[in-house]
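Quick notes on the structure that follows.
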Number of protein chains: 2
Amino acid sequence: MESRNTSDLILHAALALFSEKGFSATTTREIAQKAGCAEGTIFRYFPTKKDILISLVRPHALEELRRVMDNLPRQGEEENLRLILENRLKTIMKNKSLIKVVLTEAQYHDELKDYLMENIASHVFDTLAAYLAERMEAGVFRKADPYIFARILVGMMASLLLSESFYPMEGFDEKKRGDYLNEIINIFLHGVLKKED
Amino acid sequence: MESRNTSDLILHAALALFSEKGFSATTTREIAQKAGCAEGTIFRYFPTKKDILISLVRPHALEELRRVMDNLPRQGEEENLRLILENRLKTIMKNKSLIKVVLTEAQYHDELKDYLMENIASHVFDTLAAYLAERMEAGVFRKADPYIFARILVGMMASLLLSESFYPMEGFDEKKRGDYLNEIINIFLHGVLKKED
DNA sequence: TGGATTCATGAGTGATTACTCACTTCCCAT
DNA sequence: ATGGGAAGTGAGTAATCACTCATGAATCCA
């Protein structure tokens, strides 16, 4: 799981520091210290500091997130959806630091943004929108722009990350996270209005 | 509306640059150039660069956002809610750059985060949660943790900002933004499931 | 008009930065 | 053992940073 070669040690240290202080505020000296190598060693693996950032999102690092909305249940009840999203949420939480860094820095570095949009986001939204469109056709969901639904659902899950980033310790245990996700799915499926049946 | 004193010119320029490049990546030289003053002038008004950032969120700047969830309709139909949120969305959009900078940099600067949590976020969430709780008591909304509902609703609106930040030009005109907000409210109230009546 | 107070300036400063390179250490096939 | 290439090193470097300060310009009131 944890590769122990120098390159990965550097990437691992850089991710932690970028997440904590931001890309620009992190120095290569700090990265070297945390990675347990000399500053010069960093530049044997990455020509520039920015290449470290870009390498974080490269090939396999984000593959798991790319597929985070794959294989949603094509038939059956929303209970399936609940279980599956709960599982995917764990993936998101496991990569919390990476997501935070990538989303934050993509605002400022176009290469990152372009790569993210073309290789990750578009796939996630296309997959999710296709699922939603199919359920609309099947008469399960009401008809609307499936991409708007997709972005709203992703936005709801992103809000969980945001919440957690702002309420770090206090009260965001596993249970509260589960409650939150449950309500996300409840609201997404049923809304907040009391049923009148 | 646009104050023309030097201090405000500096704040205005700093906000634009912080939003575009991030706080750490912005130099005081750039701020001075954009503000049309000398670099030394900046430090007549702000002891340190960080004080510029902190001044951005100080007294009146965020007051409008602080009250963004005030005075929600205590009675009547969701049409009211729709109109009001549509109006509030304009406030959010008007302050897009400021929100982006504050949310991004609050992750890294605890003074900012603390100020934001204590003076802005808590008020917004308390107000919104109180509204939701009252509607739950009135039997309009189903009973649940109103704070979770509040965070999810705010998260949904934040996702609109995020979407726009990533799809900057293409297809985010006034109309599309209206559609998006409409669906946020639809989903929040009714969910995505087709009504079976 | 003149003296004082405020506002503005930008060259200068020490600290810090990303990055280089001459060098050492390690590893392993012979 | 040994030679040689790969991996690792950290003092050094030019550039850049946030911030200072001695000076100048503008404004004000008598």
Side-chain angles (χ1 to χ4, degrees), chain A residues 2-58 101-102 104-113 115, chain B residues 2-58 101-102 104-113 115:
Chain A
E2 304 227 337
S3 309
R4 280 283 152 248
N5 64 64
T6 307
S7 168
D8 285 346
L9 285 174
I10 292 168
L11 286 174
H12 189 77
L15 175 58
L17 288 165
F18 292 166
S19 169
E20 183 192 329
K21 323 178 46 169
F23 171 77
S24 284
T26 300
T27 69
T28 51
R29 167 190 282 257
E30 290 171 312
I31 296 171
Q33 274 173 354
K34 186 149 209 158
C37 70
E39 209 174 339
T41 306
I42 289 176
F43 296 94
R44 290 191 130 302
Y45 294 93
F46 306 97
T48 71
K49 179 183 156 190
K50 195 165 188 170
D51 285 301
I52 307 175
L53 177 64
I54 290 171
S55 296
L56 279 176
V57 20
R58 285 262 165 238
V101 170
V102 166
T104 302
E105 301 303 336
Q107 298 183 304
Y108 308 127
H109 307 277
D110 282 343
E111 320 93 292
L112 250 189
K113 172 158 29 186
Y115 182 86
Chain B
E2 303 226 339
S3 311
R4 281 282 152 247
N5 64 63
T6 308
S7 168
D8 284 348
L9 285 174
I10 292 168
L11 285 174
H12 189 77
L15 175 58
L17 287 165
F18 292 167
S19 169
E20 183 193 330
K21 324 178 44 169
F23 171 77
S24 285
T26 300
T27 70
T28 50
R29 167 191 282 256
E30 290 171 312
I31 296 171
Q33 274 173 354
K34 186 149 210 157
C37 70
E39 206 174 341
T41 306
I42 289 177
F43 296 93
R44 291 188 72 67
Y45 293 92
F46 307 96
T48 71
K49 179 182 158 192
K50 195 164 189 171
D51 284 302
I52 307 176
L53 177 64
I54 289 170
S55 295
L56 279 176
V57 21
R58 285 264 164 229
V101 170
V102 166
T104 302
E105 301 303 336
Q107 296 183 306
Y108 308 126
H109 308 277
D110 282 342
E111 320 92 293
L112 249 188
K113 171 157 28 184
Y115 182 86

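No experiment lies behind these values; they were computed from the predicted model shown. In what follows, every chain begins at residue 1, and chains take the letters A, B, ... in the order their sequences are listed.
- The CG-C1' distance, from A/Leu17 to C/dT17, rounds to 16 Å in whole Å.
- Residue A/Asn5 contributes atom CG, which lies 17 Å from atom P of D/dA6 at whole-angstrom precision.
- A heavy atom closer than 4.0 Å to some atom of DNA chain C occurs in B/Ala38, B/Gly40, B/Thr41, B/Arg44, B/Tyr45, these being the qualifying members of residues 38-51 of chain B.
- Considering B/Asp51, B/Thr48, B/Ile10 in turn, B/Ile10 is the only one that fulfils the side chain to side chain contact (heavy atoms under 4.5 Å, CB included) rule with B/Ile42.
- Among all heavy-atom pairs drawn from B/Tyr108 and A/Ser19, the shortest one is CE2-O, 3.7 Å.
- A donor-acceptor distance shorter than 3.5 angstrom exists from the side chain of A/Lys49 to the backbone of A/Phe23, with no hydrogens or angles considered.
- Using a 4.5 Å cut-off on side-chain heavy atoms (C-beta onward), A/Ile31 and A/Phe46 make no contact.
- You'll find the side chain of A/Ile54 stays beyond 4.5 Å of the side chain of A/Tyr115, heavy atoms only.
- Contact of the A/Val102 side chain with the A/Leu56 side chain is not registered, since no non-hydrogen atoms from C-beta on lie closer than 4.5 Å.
- Side-chain atoms of A/Glu105 do not come within 3.5 Å of backbone N or O of A/Leu53 as any donor-acceptor pair.
- Within residues 26-34 of chain B, the residues approached by DNA chain D to less than 4.0 Å at the level of any non-hydrogen atom are B/Thr26, B/Thr27, B/Thr28, in residue-number order.
- Taking NZ from B/Lys34 and OG1 from B/Thr26, the interatomic distance works out to 9.5 Å, rounded to the nearest 0.5 Å.
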